[in-house]
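Below is one structure, written out as structure tokens; the observations come after it.
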Amino acid sequence: MPVETVPAESVFPVPGAPAVVHALWLLTFFLHLVFVNSVVGGSLLGGLSTLVSGRGWKVAELFVELNSWAISLAITFGVAPLLFVQLLYGRFFYTASALLPWIWLGMLLMMAAAYYLNYIAKFRFAAGKGAALAVWGSALLFLGVTAIQVAVNLLHLRPELWTSVATDPMAAFRYGEFRARFLHFVLAALIFAGILLAWISVRRPEKGLDPLALKARAAFGMRVALVATLFQIADGLWLLGAMPRQVLRLWMRQGVLEVLPLLLSIILSFGLLAFLVAAQDPMANPKRVRNALEFFGATMIVMVGMRHQLRNLYHEAAKAADPVQSRAEWGGFLLFALTFALCLGLTICAVVRSVKDRPPEGEPVA
Amino acid sequence: MDYPLFTPAIGGGILIAVISILHVVVSHFAVGGGIVLFALESLSIKNGRDPVFRNAARRGSRILILVSTVFGAISGVGIWFTIGVVQPAGTADLIRLFVWVWAIEWAFFLLEIVTALLYYSTWEKVSPRTHLLLIGLYAFSAYMSLVIIQGILSFMSTPGAWPRTGDVADAFFNPTYLPGLVLRSGVCLLLAGAYLMLAVLAEKDPAGRARLVRFLAAFESMGAALAAAGYFWWENALEPAMRLVFLGPKPLLPGLSATRNQMMMAGLLCLALALLALLAPRFQAWPAAVVSLLAGFAVLGGYERVREGSRKPYVVRPHVFSNGLHAREIDSINQRGILEKSRFARLETGRASPSATEAAATGRAVFRSQCAACHTIDGYLGIRKLTKGADTETLNMILTLMKGDGEGRKKLLKGEEAPLDYPLMPPFVGTDSEQDALAQYLVSLQEVRDAR
């Protein structure tokens, strides 16, 4: 029986070819996730490193600096997928967020506090002071933000849960599927941050860092990534088991092509595991570190695609997957494409010039 | 109406207003700040790297990064989240109509954020020319964000030819687009001058401080004058029905009229303080700078309130009402009933207190679905106080008149004139039994108070 609480579609059609919107959505969501992984995984790793090495490895310093960029870019690249999810699945997304209104809005405060704590840590490190509290505070707040995002995402997929969450909002955080998804998200972030830490230590270390400390922190990064990957494989199985039977049934009944991303993601996970095992001494195997990063990137691409693919199956399973009316408005899209090309070009130009322009000694600087 | 009902104690409208005002006072500074910092750094380079102007730009860049890229970006998303939970139906329509416009704004936002971060992190690293380019690109992209978003904001009040043509260009370039843009541009300069004034007062060299004060006061005065011109133009561009809400000898909303007057006073105060700083920069001190900044907030906050208030009872005139009702749905809901549509409200009937009668439980659900978007029980626009002393018969009579307004609203949707009994309220929609249940529920609220 269809879920009765699914709101009516907007009277306006989607003003664009759905395929174009989906493609833009996938691309921007992937970029968003890259930065989110750095923010969530990096802040956690920074916190963990303060327990393992104090400030000797400068892991927290590295991620606090990286994240002062990554947080902004995660927000910026999060805006585009947020726009597209509202465009195509607005009635599911708004309902999911309106079921947890204060928690959803509270997430903004958590995000702002976490961002400011990151800056506090940055300024304290620059002044030669410790900032473990700010680093941990930021990491825990970002974990909270992740949990809320995962809960709203789960609710927008599963309208059949809406009536029970309407009476008890905290129920959204008690579903087995929520726990498996949340863990999946956090582990992925840790894997990314671990490999990134090793890669930076091997390829682009900060000036003046002791070679032994570099070696130790690269190994720390790879170890964290390896352990997190092992847990991730187990969690992947848990997630599959926690998914509604009807969704799994619909998925498996589709053709080989539709199940291919799942097989590919399993193969890539084991490939990643192999590279992580082979690169436990990253300084001796820098190429393996790069391979691990590439494998992780490929796994992310497949996972982003699979997540997108499953959305319709979830709605279909809940008998809520009405086709969305669309009317291609190429004029508006073209204007966007031109503006985007212009802004991207200017952004790249600004980045390149900022990196390359280093006036020789004696010449004026800004 | 179709969505879960989120009715905070302060009222959904107030919640949106609080978050919006927090965002706009930051975002307008972010736009104006780019322009002022570009001017500061240009002058510094032109005057042989004048250290006074350079240091002021550097101090300003830290404020810009902490206020704009952190708070501005998060509160911007915050508005989206808030309108999404308070007014999902209207938000969904705006997204469908303007998705490419929003996507264009996002492209500028990307450039804005990256150049802001680069500008802040490349002090003493890159050549002055590159640094100037960065702040120039930032100022350009931040201003373009305003140019884009203004089209959507002004559309909600004055859709212009769009109801007839359905053309997005007509929706975007609506009658209050340019007036609002002039006003907001002025406010951007005013706020940037006011914020940075606080930063430059830390300059130790008295002569240098006086030069900076004069420079920023010039921006403040220009901004105040431009904002005033834009505001009067904006008022003139409004439909007569909207002007009646807060203008004239007997405004429909006297509170809104008072806000307008306070906003004018705040604007005058801003201009006077800016002129004073321009003429006697050496006497500028932080209390005056703080007052000027607060007055700038009052100007912008006042305008936002008047703009939102004059749009009542719509979210998007004349298409979507503040309670999520679409004008084109009036007939169908009158036939099938509001609770047939508002399924989350209907769910709540099962959770009413055991002592409530079936009619009162239904009435509560009708209230939650149609009225609670604006009215709380005892707080903001508290319904208990507003209906005090009214019996079921009186309330039914009022609701019948409100239901009759539905016909007028349909005419307005077609661009025709129509008299209304309750011009500031959405029409009542629903079946006769739902209307009666609502009246009974409202009376039962009085009985609860009497029992206390």
Side-chain angles (χ1 to χ4, degrees), chain A residues 4-5 7-8 10-16 24 68-69 72-73 75-76 78-80 82-83 86-87 90-91 93-95 97-99 101 104-105 107-108 111-112 115-116 119 162-163 166-167 329 332-333 335-336 339-340 342-344 346-347 350-351 353-354 357-359 363-366, chain B residues 2-6 8 41 49 66 69-71 73-75 77-78 80-82 84-85 88-89 91-93 95-97 99-104 106-111 113-115 117-118 121-128 130-134 137 141 168 326 328 341 343-344 347 351:
Chain A
E4 280 193 351
T5 41
S10 166
V11 289
F12 300 110
V14 172
L24 284 170
S68 63
W69 283 75
S72 269
L73 292 171
I75 296 169
T76 308
V79 167
L82 181 67
L83 180 64
Q86 290 179 83
L87 180 68
R91 57 205 184 120
F93 176 76
Y94 295 129
T95 307
S97 52
L99 283 168
W104 181 239
L105 296 179
M107 188 181 74
L108 296 165
M111 230 152 67
Y115 201 170
Y116 278 121
Y119 265 109
W162 290 353
T163 38
T167 49
E329 278 184 15
F333 170 72
L335 206 57
F336 158 68
T339 315
F340 183 63
L342 171 78
C343 290
L344 192 64
L346 288 172
T347 305
V351 171
R353 203 157 158 178
S354 302
D357 180 19
R358 290 290 178 272
E363 290 286 309
V365 287
Chain B
D2 302 33
Y3 291 88
L5 308 165
F6 176 49
E41 202 162 349
R49 302 190 65 239
L66 289 177
T69 64
V70 183
F71 191 80
I74 292 176
S75 57
V77 176
W80 226 349
F81 281 14
T82 316
V85 294
T91 311
D93 290 348
I95 295 276
R96 286 278 169 97
L97 260 178
V99 67
W100 298 122
V101 177
W102 251 309
I104 289 169
W106 172 74
F108 284 113
F109 180 55
L110 174 66
L111 178 62
I113 291 292
V114 173
T115 48
L117 290 166
L118 286 173
S121 61
T122 52
W123 282 105
E124 290 179 7
K125 286 183 184 158
V126 296
S127 67
T130 298
H131 210 241
L132 191 63
L133 174 78
L134 292 176
L137 283 175
S141 50
V168 179
H326 286 79
R328 66 177 74 182
K341 179 175 172 63
R343 289 169 183 163
F344 282 95
L347 281 177
R351 299 205 298 272

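It should be emphasised that the depicted structure is a prediction, and the values quoted were computed from it without experimental measurement.
Only the side chain of B:Leu133 comes within contact range of chain A, with at least one heavy atom under 4.5 Å from a heavy atom of that chain. In this structure, chain A has a heavy atom under 4.5 Å from the side chain of B:Val168, while its backbone stays farther away. Looking at B:Ser75, neither its backbone nor its side chain comes within 4.5 Å of chain A, counting heavy atoms on both sides. Interface residue B:Thr130: backbone and side-chain heavy atoms are both found under 4.5 Å from chain A. Heavy atoms of A:Phe12 lying under 4.5 Å from chain B belong to its backbone as well as its side chain. In this structure, the portion of B:Trp106 lying under 4.5 Å from any heavy atom of chain A is its side chain and not its backbone. For chain B, the nearby parts of A:Leu99 are the backbone and the side chain; heavy atoms of each come within less than 4.5 Å. Proximity to chain A (any heavy atom under 4.5 Å) is shown, for B:Leu117, by both the backbone and the side chain. Heavy atoms closer than 4.5 Å to chain B are found in both the backbone and the side chain of A:Gln86.
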**Report entry** Chi angles and distances behind the side chain to side chain contact (heavy atoms under 4.5 Å, CB included) call for A:Tyr115, B:Thr69
**Finding:** CA-CA 10 Å; A:Tyr115 201 170; B:Thr69 64; 4.3 Å; yes
Report task. Could you give me the CA-CA distance, side-chain angles and deciding distance for A:Leu73 and B:Val114, then say whether side chain to side chain contact (heavy atoms under 4.5 Å, CB included) is met? Result -> CA-CA 8 Å; A:Leu73 292 171; B:Val114 173; 3.9 Å; yes
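A:Trp162 and B:Phe344 have tilted rings, their planes meeting at an angle from 30° to 60° on a 0 to 90° scale.
Minimum heavy-atom separation, B:Val99 to A:Pro15: CG1-CG, 3.3 Å. In terms of heavy atoms, B:Ala92 sits closest to A:Tyr94 at CB-CE1, 3.6 Å. Across all non-hydrogen atoms, the minimal contact from B:Leu111 to A:Cys343 is CD1-O, 3.9 Å. A:Pro7 approaches B:Asp2 most closely through the heavy-atom pair CB-CB, 3.3 Å. The nearest pair of heavy atoms linking B:Lys125 to A:Pro359 is O-CD, 3.3 Å.
In this structure, the separation between CZ on B:Phe109 and OG on A:Ser72 is 7.5 Å, given to the nearest 0.5 Å. The OG atom of A:Ser354 sits 4.0 Å away from the CG atom of B:Leu118 when rounded to the nearest 0.5 Å. Distance CD1/B:Ile104 to CG/A:Leu342: 11.0 Å, rounded to 0.5 Å. Here the CZ-CG distance, from B:Phe6 to A:Leu105, works out to 5.5 Å after rounding to the nearest 0.5 Å. With rounding to the nearest 0.5 Å, the separation of CG in A:Leu83 from CH2 in B:Trp80 is 4.5 Å. For the atom pair CG of B:Leu134 and CG of A:Leu346, the computed distance is 11.5 Å after rounding to the nearest 0.5 Å.
Using modelled atom types, one side-chain atom of A:Tyr116 and one backbone atom of B:Leu66 make a donor-acceptor pair closer than 3.5 Å. B:Arg49 places a side-chain N or O within donor-acceptor distance of the main-chain N or O of A:Val365, the cut-off being under 3.5 Å. A donor-acceptor pair is defined here as one N or O able to donate and one able to accept, closer than 3.5 Å; no such pair exists between the side chain of A:Asp357 and the backbone of B:Val126.
Using a 4.5 Å heavy-atom cutoff, the side chains of B:Phe81 and A:Leu82 are in contact. Contact check for B:Pro4 versus A:Thr95: side-chain heavy atoms found under the 4.5 Å cut-off.
Between chain A and the options B:Pro8, B:Gly84, B:Ala103, the largest number of non-hydrogen pairs under 4.5 Å is found for B:Ala103. Of the listed residues B:Glu41, B:His131, B:Arg96, the one with more heavy-atom pairs under 4.5 angstrom with chain A than any other is B:Arg96. Contact tally against chain B (heavy-atom pairs below 4.5 Å) for A:Phe93, A:Trp69, A:Phe340: the top residue is A:Trp69. Counting heavy-atom pairs closer than 4.5 Å to chain A, the top residue among B:Leu137, B:Asp93, B:Leu110 is B:Asp93.
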